[in-house]
Asker: 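I have a structure I would like to understand better, so I am pasting it below and will then ask my questions one at a time.
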Amino acid sequence: MKFRNASQLLKGEQSQILDIDYSHPSARRIIEVGFTPGEEIIVVGKSAFNDPIAYSVRGTVIAIRKSEASCIQVR
Amino acid sequence: MFLVSLVGPPNSGKTTLFNLLSGQKVKTVNYPGATIEYYHSKIDKKFGFDVELIDTPGIISLIPASIDEIITIDGIYSHPEYGTPDLIITTVDASQLSRHLVLVNDLIEANFNVVVAITMNDILARKNFEIDFSKLSNELSIPVIKIDTLKENGIDNLVKIIKDYSEKNKNQKEIKRINEDTLALVEKYNKISEIEKKVMISKNSGIINLLNDFKNLHKPDDISLKIDAILLSKTWGLLFFFFAMSVTFASVFWVAAPIMDLIDYGFAYISEWITTLFGINWLTQLLANGLVAGFGSVAVFVPQILILFLILGLLEDSGYLARGAMLVDKPLSKLGLNGRSFAPMVSGFACAVPAIMAARTIPNRRERLLTIFILPLLSCSARIPVYLLLIGFLVPTTGSLTAGIILASIYLLSIVSSLVAAGIINKFKNSIIPNQDHSSFILELPTYKKPKFNNVFFNAFTSTKSYIIGAGPIILIFSIVLWALTFFPAGIDNSISNENGNFEQQLIENSYASNIGKFLEPAVSPLGVDWRVGVAIITSFAAREVFVSSMALMFQVNISDEDSIQKSLLKNMQKAKKSDGTKVFTTSSIIGLIVFFIIAMQCVSTLAITKKETGSWRMPILQFVIYTISAYILAVSSVNLIKFLGIA
Ligand SMILES: Nc1nc2c(ncn2[C@@H]2O[C@H](COP(=O)(O)OP(=O)(O)O)[C@@H](O)[C@H]2O)c(=O)[nH]1
């Protein structure tokens with residue numbers, strides 16, 4: 001099975017973070033706000049232009065750009 | 001004195017706690033990263049001892065990702081005025097324990113004396129959880145206090161700990177900067193997640209090992225999710241966005257306009273009262289036309305500024321501002337801006353100065369500089385008196401629909417011009433503003449809340465006050481200088497007499513201002529106006545609204561008139577003739593002036609803050625040259641185009 005990244009999840013879809021691409025320049029901040037391997041995330045909304053995307057993670061909602069979500073590998 | 005700093009992630013209840021400890025009422029912001037200033041205060045007297053408290057802007061970790069975070073974190077380590085804190089109280093949202101403990105961990109690692117204050121326990125309780133505080137305290141090896149900020153429970157325990165610390169005066173370990181790679185960060189997070197699992201007590205089963213319970217713990221606010229399903233959607237989300245923005249600008253105008261009229265009338269009355277009571281001499285002239293008129297031009301835009309800050313506060317406090325930023329991120333990023341440019345841009349409609357400061361929250365340097373660059377184009381409230389005067393000339397009946405439409409078009413034009421400017425500068429890629437780091441948009445969407453009106457009012461009031469203190473003196477000084485230029489040397493020349501009724505006419509004709517103005521006449525005549533308007537334009541470079549009081553001086557508003565300053569000024573403008581006998585103010589020359597004011601960079605305070613925020617004169621000089629030259633060219637073109645179309 002090919003792994004997807006978080007930007008490919010559909011609205012309302014739930015998944016688990018497998019890994020983060022640490023070489024991505026936003027990786028550090030993305031982890032700091034709560035996206036760590038093993039966490040469950042849900043796509044709770046997409047902006048009117050489909051980008052940025054809002055994820056529920058660790059009890060809060062964080063909006064990040066598609067390009068940044070692509071460094072989050074999900075199941 | 002013993003210094004206690006409050007440090008915490010955005011929206012962790014830090015400011016609320018600060019207010020409880022200090023007995024004050026300061027800003028509580030819901031929009032992450034919007035607070036830049038530090039609030040400081042002594043601890044409330046009722047606690048019976050003396051320590052200094054400072055509140056710091058919300059941060060996520062001790063490793064900065066933007067300029068405002070660098071400033072904030074430096075300020076936590078060593079505040080320029082108050083020094084290094086002897087004790088740090090860090091607020092942690094109980095329902096976000098794992099996320100918020102990251103900062104706590106950093107603070108402990110940096111060797112600060114740390115006390116954790118756990119807030120939002122009511123929210124956690126609603127999810128059927130509670131925290132085992134003594135266990136958490138053991139895990140972290142520092143004191144952990146449960147705080148209920150709404151019922152003010154737990155404050156006494158916290159105060160007792162502060163008091164103990166301040167009396168103990170135990171020797172402080174050496175504070176160090178922390179640095180870690182991302183892998184270490186993930187490990188730290190895993191450790192924290194383990195702690196969270198250990199200390200969370202589920203009210204259902206007693207122990208947190210049921211997977212379902214834990215899912216419930218990490219589920220965001222239901223109501224906010226439902227609202228966001230609408231407000232972030234394609235059609236309704238965008239519709240609401242435009243609706244909210246329109247209401248904002250409409251209410252700034254419709255609510256503020258009558259109040260402004262009243263202020264204008266009041267100052268005219270005072271001027272008149274001074275001259276009728278004490279007669280016409282240089283002192284009463286200075287008072288009436290210099291000082292009172294100067295105060296008037298400061299006071300007249302206070303209503304819109306206050307109203308705009310109020311609305312901005314409501315947007316912020318309700319949680320919508322972050323959604324707005326998310327909605328516009330995509331289109332703005334196409335122009336080289338960022339979703340985080342949104343809040344500064346909305347503030348820009350009140351005043352460019354706080355807006356430029358708010359741009360600090362944009363992590364990418366290029367996007368931040370570009371945002372700062374375009375902010376002066378947004379129609380700040382200092383332009384409103386100018387537009388009202390000019391529109392008042394075009395459409396004599398005040399408050400009519402036509403006047404409203406013209407004003408709305410001016411606002412639209414200002415938004416369009418700012419976006420076009422961003423697009424053009426962005427095309428030049430690296431030559432004007434070099435690109436140094438990657439673009440990013442990571443923003444927490446706080447839960448929707450009913451705004452706390454007290455806070456919002458207090459906040460808007462403080463912003464307006466600091467604005468008046470900041471810009472007021474410049475405007476006042478320029479008003480007086482301007483008055484002196486129009487009064488001297490003729491005013492003290494006894495050969496000009498008061499008797500034959502055209503005293504003021506002669507005064508202006510023989511003043512320094514007239515010399516300067518006539519010298520500049522060739523530059524302003526392509527705009528279709530004469531040297532008097534030239535003088536008014538020159539003075540408006542101090543601050544735009546000075547234009548109105550300059551016009552009143554240049555066109556000798558008769559202070560014994562019954563009307564407000566604006567009404568009698570409009571009358572005189574209708575009558576004003578150039579030296580060749582043609583009218584100074586026509587549809588084309590008025591529209592030319594409006595175009596000029598939309599674009600020209602006429603504000604000393606804005607240039608000064610741009611220099612300060614960007615660290616060099618390059619940016620303000622570019623703003624000044626580019627905008628002022630474009631404004632002139634566009635204004636002259638509009639005048640000629642309108643004339644060409646056969647309109648006067
Ligand atoms: N339910 C609940 N809300 C709180 C509590 N403490 C603060 N708040 C609210 O949470 C929001 C954010 O608080 P604030 O003090 O501004 O957080 P800051 O951003 O960390 O300064 C405000 O609307 C507060 O009224 C609490 O214990 N329970």
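Here is the naming used below: chain letters follow the sequence lines, and residue numbers restart at 1 for every chain.
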Asker: In residues 15-23 of chain A, which residues are in contact with chain B at a heavy-atom separation under 4.5 Å?
Answerer: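 A:Y22 fall under the 4.5 Å cut-off.
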Asker: Do A:R29 and B:I60 come within less than 4.5 Å of each other through their side chains, counting heavy atoms only?
Answerer: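 Yes, side chains in contact.
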Asker: Where is the tightest heavy-atom contact between B:S61 and A:E32, given as atom of each residue plus distance?
Answerer: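 Smallest heavy-atom distance, with atoms named: OG-OE2, 2.6 Å.
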Asker: Non-hydrogen atoms of chain B under 4.5 Å away: do they reach the side chain of A:I30, the backbone, both or neither?
Answerer: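 Both parts, backbone and side chain.
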Asker: If you define the side chain from C-beta out and look only at heavy atoms, does anything of B:L232 sit under 4.5 Å from A:V44?
Answerer: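 Counting from C-beta outward, B:L232 and A:V44 never come under 4.5 Å.
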Asker: Kindly state each residue pair satisfying ring pair (Phe, Tyr, Trp, His ring centres under 6.0 Å) with at least one member in residues 51-75 of chain A, sequence neighbours excluded.
Answerer: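 The answer is A:F35-A:Y55.
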Asker: Answer whether the closest heavy-atom distance between the side chains of B:I442 and A:S26 falls below 4.5 Å.
Answerer: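 Result yes, sub-4.5 Å side-chain heavy-atom pair found.
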Asker: Going from CD1 on A:I64 to CD on B:E444, what distance comes out if it is rounded to the nearest 0.5 angstrom?
Answerer: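 If I round to the nearest 0.5 Å, the distance is 13.0 Å.
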Asker: Quick check for you: among B:D228, B:D221, B:L183, which has the greatest number of heavy-atom pairs under 4.5 Å with chain A?
Answerer: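 Greatest number of close heavy-atom pairs with chain A: B:L183.
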Asker: Under 4.0 Å between a Lys/Arg side-chain N and an Asp/Glu carboxylate O for A:R58 and B:E196?
Answerer: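 A salt bridge is absent here (no side-chain N lies under 4.0 Å from a carboxylate O).
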Asker: Can you tell which part of A:I41 gets under 4.5 Å to a heavy atom of chain B, answering side chain, backbone, both or neither?
Answerer: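 Neither; nothing under 4.5 Å.
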Asker: Less than 4.5 Å to any heavy atom of chain A: does that hold for the side chain of B:S233, its backbone, both, or neither?
Answerer: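 Contact with chain A involves the backbone of B:S233 alone.
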Asker: Heavy-atom distances under 4.5 Å only: say whether B:D106 touches chain A with side chain, backbone, both or neither.
Answerer: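 Neither the backbone nor the side chain of B:D106 comes within 4.5 Å of chain A.
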Asker: Where do A:A48 and B:L327 come nearest, in terms of heavy atoms and distance?
Answerer: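 Of all heavy-atom pairs spanning A:A48 and B:L327, the closest is N-CD2, 3.6 Å.
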Asker: Could you tell me which non-hydrogen atom of B:F441 sits nearest to which non-hydrogen atom of A:P52, and how far apart they are?
Answerer: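 So the two residues come closest at CD2-CG, 3.6 Å.
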Asker: Closest approach of A:A27 and B:T182, non-hydrogen atoms and distance?
Answerer: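 Scanning both residues completely, I find the closest heavy atoms to be C-CG2, 4.5 Å.
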Asker: Mind jotting down which residue pairs meet the ring pair (Phe, Tyr, Trp, His ring centres under 6.0 Å) criterion with at least one end in residues 320-339 of chain B? Sequence neighbours excluded, please.
Answerer: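 Sorted pair list: B:F240-B:Y320.
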Asker: Measure distances from A:K66 to the heavy atoms of chain B and classify the residue's part below 4.5 Å as side chain, backbone, both or neither.
Answerer: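 Looking at A:K66, nothing touches chain B.
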Asker: Measure distances from B:L231 to the heavy atoms of chain A and classify the residue's part below 4.5 Å as side chain, backbone, both or neither.
Answerer: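 For B:L231, neither part sits under 4.5 Å from chain A.
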Asker: Heavy-atom pairs under 4.5 Å with chain B are the metric here; pick the option from A:N50, A:V61, A:I42, A:D51 that has the most.
Answerer: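 Max contact count across the listed options: A:V61.
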Asker: What part of A:T36 is in contact with chain B, defined as an atom under 4.5 angstrom from a non-hydrogen atom: side chain, backbone, both or neither?
Answerer: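 Contact with chain B involves the side chain of A:T36 alone.
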Asker: Any salt bridge between A:R28 and B:E180, counting N to O under 4.0 Å?
Answerer: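 Yes, A:R28 and B:E180 are salt-bridged.
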Asker: If you count the non-hydrogen atoms of other residues, nucleotides and ligands that lie under 6.0 Å from NZ in B:K219, is the total more than 12?
Answerer: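 Result for NZ/B:K219: open.
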Asker: Looking at B:I178, I'd like to know if its CD1 atom is crowded, meaning that more than 12 non-hydrogen atoms belonging to other residues, nucleotides or ligands lie closer than 6.0 Å.
Answerer: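 Yes.
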Asker: Rounded to the nearest 0.5 Å, what's the gap from CD1 on A:I62 to CG on B:L443? Could you check?
Answerer: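 Reported to 0.5 Å precision, the distance equals 8.0 Å.
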Asker: With side-chain contact (heavy atoms from CB on, under 4.5 Å) as the criterion, how do A:R65 and B:D329 come out once you've worked through the C-alpha distance, each side chain's angles and the decisive distance to 0.1 Å?
Answerer: CA-CA 9 Å; A:R65 285 200 183 142; B:D329 178 63; 2.7 Å; yes
Asker: Sequence neighbours left out, what passes side-chain hydrogen bond (donor to acceptor under 3.5 Å, both in side chains) with A:S67? Give chain and number order.
Answerer: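 Here no residue qualifies.
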Asker: Would you name the heavy atoms of A:S56 and B:H218 that are closest together and state the gap between them?
Answerer: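 Taking every non-hydrogen atom into account, OG-O, 4.4 Å.
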Asker: At a 4.5 Å cut-off on heavy atoms, which part of A:E68 comes close to chain B: side chain, backbone, both, or neither?
Answerer: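 Side chain only.
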Asker: Against chain A, label B:D181 side chain, backbone, both or neither, depending on which of its atoms sit under 4.5 Å from a heavy atom there.
Answerer: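 Contact with chain A involves the backbone of B:D181 alone.
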Asker: What distance do A:I31 atom CD1 and B:K188 atom NZ have between them, rounded to the nearest 0.5 Å?
Answerer: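 Answer for the CD1-NZ pair, A:I31 versus B:K188, is 11.0 Å.
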Asker: So what's closer than 4.5 Å to chain A heavy atoms on B:L238: side chain, backbone, both or neither?
Answerer: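 Side chain of B:L238 only, per the 4.5 Å heavy-atom cut-off to chain A.
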